[in-house]
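Given the structure is predicted, the values throughout are model-derived calculations rather than measurements.
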Amino acid sequence: MADELWMDAEIIKIEDETPTTRRFWFRLNELESFRFSPGQFVSLELPIHEKKSKRIRSYSIASAPGNTNVFELVIVLVEDGMATPYMWSNFKLGDKIPCRGPLGHFTLPDHLDRDLCLVCTGTGIAPFRSMVHYIHQNQIPCKNVYLIFGCRTRMDILYRDELMQLAAEMPSFHYYYVCSREDPQSFEGHTGYVHSVYEQLFSDKRPVHFYLCGWRNMLNEARTRIQAMGYDKSSIHVEIYG
């Protein structure tokens, strides 16, 4: 699918994932199969501004590549924004939304010859969900894959049951969720922030690819901390959300 080509993406399913997050499934009826690399994104054009440049929003694909023309996006409501309030109020099954993609270079390395540490917050989990399912479904040889997901409360955890099941089926996959506003005395997961988890996991300085996706403040702090651990900038791959 050429970068410059816009097509209609039909909404075929909508589900609430958390109180503020929805999953949207789209079908590209003009294609038999939508080919993309896990980690890439699509752009949607929404009727929210008179200028086209102000109508375009980009979202990482949350589903894994497969022999299908359907893809999934997971999107958080930004109440003071323009795009997501429109989606929440207007998107319905059968609507056709102008879509462009796949786009982006936030993709897996050619050779998975070292550990992968996937660190994310909020809907920044989307490209990593795609990557992990792709590795599992295609039985791609790899070392350990660590997914560290950060959010505020247990109600904000995305795909928890699914990823826990995947960790049970995939010995090389390790899943950690971290909540900053939960009581460590009563919460079954990690509390605080994502940084302490990867710092502990990689305190031995073994080779690893760090992939970071999510809130800008988390990314900035993670880059600083990872380099302070002794890793080179070339080991760090970043996708910014917001």
May I ask you to test the [X]-[Y] pair for a side-chain heavy-atom distance under 4.5 Å?
| X | Y | result |
| --- | --- | --- |
| C213 | L118 | no |
| L163 | F173 | yes |
| P127 | E239 | no |
| Q40 | T107 | yes |
| V119 | I226 | no |
| T18 | M155 | no |
| L158 | T123 | yes |
| D115 | P207 | no |

message: Could you tell me if Y175 and Q165 have a donor-acceptor pair between their side chains, going purely by distance under 3.5 Å?
response: no
message: Please tell me whether D232 and S235 have a donor and an acceptor in their side chains that are separated by less than 3.5 angstrom.
response: no
What distance do [X] atom [atom1] and [Y] atom [atom2] have between them, rounded to the nearest 0.5 Å?
| X | Y | atom1 | atom2 | result |
| --- | --- | --- | --- | --- |
| C142 | R114 | SG | CZ | 14.0 Å |
| I157 | T21 | CD1 | OG1 | 12.0 Å |
| R216 | L219 | CZ | CG | 8.0 Å |
| M218 | L212 | CE | CG | 6.0 Å |
| I75 | T20 | CD1 | OG1 | 12.5 Å |
| E221 | Y193 | CD | OH | 9.0 Å |

Okay, side chain of [X], backbone of [Y]: is any donor-acceptor separation there less than 3.5 Å?
| X | Y | answer |
| --- | --- | --- |
| D156 | T153 | yes |
| S43 | I56 | no |
| S33 | R35 | no |
| E182 | R154 | yes |
| R100 | V42 | no |
| S130 | A126 | no |
| Y231 | R206 | yes |

Minimum heavy-atom distance between [X] and [Y], given as atom pair plus value:
| X | Y | value |
| --- | --- | --- |
| A62 | V74 | CB-CG1, 4.1 Å |
| I125 | F149 | CD1-CD1, 3.7 Å |
| M82 | I48 | CE-O, 2.9 Å |
| E17 | Y159 | OE2-N, 2.8 Å |
| M131 | L108 | SD-CD2, 3.7 Å |
| N69 | N29 | ND2-CA, 4.2 Å |

- prompt: Which residues pass the side chain to side chain donor-acceptor pair (under 3.5 Å) test with E15, sequence neighbours left out?
  reply: K13
field: Summary of side chain to side chain donor-acceptor pair (under 3.5 Å) pairs that have at least one residue in residues 76-94, sequence neighbours excluded
entry: K92-D95
Side chain to side chain donor-acceptor pair (under 3.5 Å) pairs, two or more places apart, involving residues 132-145: H133-E162, N144-H174
Using a cut-off of 6.0 Å, state whether more than 12 heavy atoms not belonging to [X] lie near its atom [atom1].
| X | atom1 | value |
| --- | --- | --- |
| E169 | CD | yes |
| Y176 | OH | yes |
| K205 | NZ | yes |

Co-membership, hydrophobic cluster, residues [X] and [Y], 4.5 Å side-chain:
| X | Y | result |
| --- | --- | --- |
| I12 | L73 | no |
| W25 | I14 | no |
| Y146 | L166 | no |
| F202 | V238 | yes |
| L147 | V178 | no |

message: Looking at E188 and R160, is there a salt bridge between them, counting it only when a charged N and a carboxylate O are closer than 4.0 Å?
response: yes
Once ring-ring contact (aromatic ring centres under 6.0 Å, His included) is applied, do any residues pair with [X], and if so which ones, sequence neighbours excluded?
| X | result |
| --- | --- |
| F71 | F26, F34 |
| Y198 | H195 |
| Y211 | F106, H237 |

- request: Could you please spell out the steps behind the side-chain contact (heavy atoms from CB on, under 4.5 Å) verdict for L201 and I148?
  value: CA-CA 11 Å; L201 286 171; I148 306 170; 4.0 Å; yes
- request: May I have the step-by-step check of side-chain contact (heavy atoms from CB on, under 4.5 Å) for F128 and V145, ending in yes or no?
  value: CA-CA 10 Å; F128 299 150; V145 179; over 6 Å; no
query: Would T191 and D183 satisfy side-chain contact (heavy atoms from CB on, under 4.5 Å), going step by step from the backbone distance to the final call?
result: CA-CA 7 Å; T191 57; D183 182 354; over 6 Å; no
field: E72 and its salt bridge (Lys or Arg N to Asp or Glu O under 4.0 Å) partner, picked from R27, R129, R22
entry: R129
field: Working for side-chain contact (heavy atoms from CB on, under 4.5 Å), residues R152 and S180
entry: CA-CA 5 Å; R152 293 185 176 92; S180 61; 4.1 Å; yes
